[in-house]
Structures are given as structure tokens and as C-alpha cells.
2 protein chains.
Amino acid sequence: MATSDNVTEAVDVLQQLGLKEYEARCFVGLSRLSTGTAKRLSEMTDVPRTRVYDAVRILEAQGLVEIQHSSPQRFRAVSLSEATDTLRDQYDTRVDRLRNALDDMETVDDREESSIQQVWAMTGSTAIESRTNELLDKAESEVVFVVGDESLLTDRLIDKLTGMTRSVDLLIGAPTEAIRTAIQEAIPEATTFVSGLGWLRDEGGDDEETAIGRLVLIDRSKILVSTIVPSTNEEHAIYGEGFGNGLVVIARRLMSQGEFTDG
Amino acid sequence: MATSDNVTEAVDVLQQLGLKEYEARCFVGLSRLSTGTAKRLSEMTDVPRTRVYDAVRILEAQGLVEIQHSSPQRFRAVSLSEATDTLRDQYDTRVDRLRNALDDMETVDDREESSIQQVWAMTGSTAIESRTNELLDKAESEVVFVVGDESLLTDRLIDKLTGMTRSVDLLIGAPTEAIRTAIQEAIPEATTFVSGLGWLRDEGGDDEETAIGRLVLIDRSKILVSTIVPSTNEEHAIYGEGFGNGLVVIARRLMSQGEFTDG
DNA sequence: GTTTTTGTGATTAACTGGGTGAAAATCTAT
DNA sequence: ATAGATTTTCACCCAGTTAATCACAAAAAC
């Protein structure tokens, strides 16, 4: 009976989407029922009967549930598609409001000098991918992209790379020869190589091997390196900018000495 | 100085999107700064300095902020587009998970008889519009659509109506002759009329006039009527289904007596 | 070496939300 | 109609969370 797993999953997600526990449980309960009374719902979801009313009222106000004002009252959930429509709309509205508010805000400019040694840390694959895309978009002359972890080599990324302007040199490093060939085929205009990333691996340590995720060097002046921490599978990245930036300098030096390329 | 309004607006929305107050304030603060230390951030956002660190750490884990691990630490917010990308991705993931979980759930079928007198109440324009669309999609022979409030006559709605199958009769009622003509032009295959909705207005009461929002009658067996409550601008609807449903019977009777049409 | 700034952790106060019961309103069956 | 059951509202308590403050160690600045 995987149903109960799905119930808890659905309840969890609904809570992440902003519903309270009772509201989430009631909505999920109603989703499994064509129609239900407070009593029935309470029995099935373990929400105290006296609290079902509050929860359902809030759900109704959010457009997720309909109420039949009879006695006893009957409740029913809107269809899944209606529910997701409503939730999406709610989300879109919020992001729009956020965008507008942030756009209209005056930025307090401190003129903190941009010291040369800025190295920033970030977490999360989406954020890192988003930054990667932005970097690729702003590239003017050269992109070095070393893929360390196969899982990061998505179709979306290939599309992005193939879509780059001709005037930008593309240097792509793959972890294995097989992958290199595949990439070369998908992106003929790129120069590909097999990356020798051995020096980046923590083979000696007693904990798991720290694999490199991606390494992006843009116009020899911006760099992003990510690793995937084995225990949590989270992607962590560091990012540096500026021709004189320490991290960038090291990367450039390694590049010119052929350290990235095999052998 | 509308900036402070925008700040509170942004903070509010971020909290609705799931951030805590301190996190929201810190993110907004950082969005106005190219870069900031804990001290600076604390001064500008009134978040206790010692709590800035926790807040920022969580923001970093969500991909909304980058941290420079120096002393003192420097923080900065990712760009607005990166932030919304991240948030959208998070949202999409959640809705997908929700959809899957709900889809896979066994529905406990109670065989609650569908008594004839079901009349359901719902709230919120998005939910109501969503339901309206679903009704239009399922219409087989006839659609009566009376628009009471001009604001509901969106392009999206026009598109929806023009896209209906030929085999469905379209009867559209507009609040004024001018709007009727416009609709007739946009949707030539429909029969249009000016609705005489006087009887639906609460002109005698001492509170504001209760305007009707929309009235949708599908295949003479399903009906949805909405009103827009003047004080909050919220849209409330009732919905009935079944040929014998009381609400539907009344609507059908009124239709046949020409009560909806002018004069 | 002293003083200031920065960062961490523990502690308290306020709030929110889950859980329970009393009592009002409503319904059902005599 | 009346008694008893059921439904519904409301107010309250308790626990976990989050906002807010403090004490203190580590690091930088002087």
C-alpha cells in the first residue's frame, strides 16, 4: 500500500507550499473523497473534528476546496488541475510583486571598493546552474568548460553551449574519452579534450573522494568551480571575478601549463 | 521615499514565499547593496547583528546569497533573475511532486449518493476562472455566459470562447450595448444580448450594490454564478450541477422566460 | 598589549500552530 | 414539542519555533 506514502508526501509538499499541517491533511483527505463531511474527514485524516472547519475555511479562501453550506456541511476538493492552476497563479503573483518591489528599490551605493581577492561561495545546483548560464551569456571571447561530474552534462547545457556566439572560443573538457567524443559530435565547433582532474581528487583521505562538478573559466577573468559533496549530494561552488583575482590567476596558470588536459 | 514601502512589500512577499523575517530582511538589504558585512547589514535592516550570520547562511543554502569567507565576512545577493530562477525551480519541483503523489493516491470511494441539491461555494478569482474554463471545456451543446462585471471580460476569456467547438451554441450576455457589440465582433458565431440583470442587484440595501460577476450555464445542467464583494473585491461563486439541481432549475426557468435578456 | 570588532553559542521572550474541551446551535426521533 | 444526539463554534492550553538579547571567545586594529 504505497498510498500512505503518497499521502505523507503530498502533505509534506503542501506544507512546503505554505499550507498548515491541518490544511494539508484535509486537502489530501478530500482529494481522495468525492465529497466529505467534517466527521468523515476527521476520521480519515486524524485532524481533530473541531478543527476541520477552520482548516477547510482557509482552504476555501485559497480556492482549493468547495463548501456546501448545508447541515452537515459537505466539503470537496477542486480537481488537481484546478488546484495546481491556483497555486501557480499565487506563486506567479508573488514573484511579480517581488520583482517589482526589488526593481523599484533604490540601491544604497556604498562604493565599497571591489577588492581584488573576492571569492564567493554558493550552494545548490539550481543557483549554480543559473550563475553558470549568466556567465556563459556574458562571455565575450573564450569559454573553458570542464565537466567533472557526468550528471551535470544535461541536454539544457548542451543546448546552451551550442547556442553560443561563433566569436567565442569553446574549450570543453570531459571526464572520459567516450563522453568527449559525444560532446565533440554534439558541438562540432568546440575544441574538446579529456580533463586530467586527478590532482583535484582527494584520493588519499579517509573520507569519500571529493569529485569536482564543473569548472567554468570565462574570458580568462571569471571562474566558477563546483564540487559535489558525496554525503548529501549537494553542489557547492566557489566563484571569483577579475583578471587579478587570485583564484582566476591560479586557474589561468594551470590552463596555460596544460594541467587540465590529459597527460 | 517609496523605497521603504518597497522594502516592506518585498519582505512580506519573501515571507509568503517561505523565508523567515530575518532572512527576508537580510536578502532585501543585500539586494540594495553591492556587498555588505554583518555589521552594515544589521544597521540597515535592524536585524540583530549576531543573527545576521544564521540568516545569511540559510539564504546561502537556498542559493539566494553568496558568502565571501574572509574576515570580516562579506555577503552579497544573487541577481534578481537568478533569485527568481531559483525560486521558480523550487516551486516547480514541489508542484510536480504534489501532482505525482496525488495522482498515485487511491481514492477512497464512499459512494456518497450525489444528492440532487448540491450547491457549492468557492472563493477567489483564479479558482473560479479555473472552474469556468473546465466547464467550458466540457460543454457539449450549449453555453450561456453572462458577463456582469466588465473586469472579468479578459482577452483570455475571449480566446477561450472563440476556441469553442462549432457544435456548441454560444449565448453571451453583456452588461452594456457597447460591450455587446464588441463581443459580437470578436466572436461572430455567438448569439449576443444585453443582459437585464437589474433583478440581481441589491439596489435597495443600505450597503453597496452587490454586482454580479459572471453567470455560466452549461448544457442546461451546470451553473456557476459569481458576485464580487465590493468591500474586499474578492470574487465569490456558487456552483450547482445536475439537471434537477434546484439552482440549475431556477436558472433554466429564468432563461426560458427571457429574464436574462433586456426588456 | 590593549581595545575594538567579529563570530558563535546559549538563553529568554513572544508567537504560532497543534491539540482539547465546553458550550451553543442544529438536527433527529420520539 | 422535547430529549438526546450531532454538528459547529469558540476559547483555551501546551509545545515547538522564531525573534531578540546576552555572554564570551577569536580575530583584527591600534
Side-chain angles (χ1 to χ4, degrees), chain A residues 7-8 11-30 33 35-62 65-76 110 112-113 115 117-118 120-121, chain B residues 7-8 11-12 14-30 33 35-62 65-76 110 112 115 117-118 120-121:
Chain A
V7 169
T8 40
V11 169
D12 280 356
V13 177
L14 282 169
Q15 283 187 264
Q16 288 173 7
L17 287 167
L19 299 196
K20 307 299 170 204
E21 185 182 331
Y22 284 172
E23 294 157 24
R25 293 231 293 270
C26 282
F27 180 77
V28 174
L30 283 176
L33 240 40
T35 205
T37 65
K39 185 178 183 190
R40 185 90 187 71
L41 239 196
S42 166
E43 285 161 358
M44 132 175 245
T45 62
D46 285 313
V47 173
R49 189 177 46 227
T50 64
R51 287 314 221 54
V52 169
Y53 301 98
D54 320 327
V56 165
R57 215 170 284 135
I58 292 171
L59 288 170
E60 201 257 6
Q62 306 214 13
V65 156
E66 293 162 85
I67 299 181
Q68 183 179 351
H69 290 287
S70 53
S71 183
Q73 295 181 302
R74 296 287 158 86
F75 313 119
R76 78 174 184 192
D110 253 347
E112 269 263 356
E113 82 310 334
S115 85
Q117 281 298 350
Q118 286 176 332
W120 300 92
Chain B
V7 169
T8 41
V11 170
D12 280 356
L14 282 168
Q15 282 186 265
Q16 288 172 9
L17 286 167
L19 299 196
K20 305 302 172 204
E21 188 183 329
Y22 284 173
E23 294 157 26
R25 293 232 293 270
C26 283
F27 179 77
V28 173
L30 282 176
L33 242 38
T35 205
T37 64
K39 186 179 183 196
R40 184 90 186 73
L41 239 195
S42 165
E43 285 162 359
M44 123 175 256
T45 62
D46 284 314
V47 173
R49 187 185 58 81
T50 60
R51 306 276 78 212
V52 168
Y53 301 99
D54 314 78
V56 164
R57 215 170 284 136
I58 292 171
L59 288 171
E60 201 259 5
Q62 307 213 10
V65 156
E66 295 163 81
I67 299 181
Q68 184 181 348
H69 292 286
S70 52
S71 182
Q73 296 182 311
R74 296 286 159 87
F75 313 119
R76 77 174 185 191
D110 251 349
E112 270 262 353
S115 85
Q117 280 299 352
Q118 286 176 331
W120 300 92

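Model, not experiment: these values are computed from the prediction. Any value given below was found using the heavy atoms of this structure, including those in side chains, with hydrogens, waters and symmetry copies removed. Every chain is numbered from 1 and lettered A, B, ... according to where its sequence line falls, protein lines coming before strand lines.
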Could you identify which residues of residues 43-52 of chain B place a heavy atom less than 4.0 Å from some atom of DNA chain D, listed by residue number, or say none? B/P48, B/T50, B/R51

Find out whether A/K20 and A/Q15 are in side-chain contact, i.e. whether some heavy atom of one side chain is under 4.5 Å from a heavy atom of the other. no

Quick one: are A/F75 and A/V52 in side-chain contact, heavy atoms under 4.5 Å? yes

Does B/S42 use its side chain to pair, donor to acceptor, with the backbone of B/P48 at less than 3.5 Å? no

For B/H69 and C/dT6, give me the distance from atom NE2 to atom P, rounded to whole Å. 17 Å

Spatial distance of atom OG (A/S70) from atom CH2 (B/W120) [nearest 0.5 Å]: 7.5 Å

Atom CD1 of A/I58 to atom C1' of C/dG18: distance rounded to whole Å? 13 Å

Go through DNA chain D in 5' to 3' direction and return only the first and the last nucleotide with some atom under 4.0 Å of chain B's heavy atoms. D/dT18 to D/dA28

Check the distance between C/dT16's C1' and A/L19's CG and give it to me in whole angstrom. 16 Å

Can you measure from CG (B/L14) to SG (B/C26) and round to the nearest 0.5 angstrom? 11.5 Å

Approximate separation, where rounding is to 0.5 Å, of A/E23 CD and A/D54 CG: 9.0 Å

Integer-rounded Å distance: C/dT20 C1' and A/D54 CG: 13 Å

Separation of B/R74 atom CZ from C/dT5 atom C1', in whole Å? 13 Å

Atom pair CG (A/L30) and OG1 (A/T45), whose distance is rounded to the nearest 0.5 Å: 8.5 Å

Rounded to the nearest Å, what distance is computed from the NZ atom of residue A/K20 to the P atom of nucleotide C/dC15? 16 Å

Do the side chains of B/R25 and B/L41 get nearer than 4.5 Å, heavy atoms only? no

Note: for A/Y22 and A/S71 on DNA chain C, the residue whose nearest nucleotide lies more 5' is A/Y22

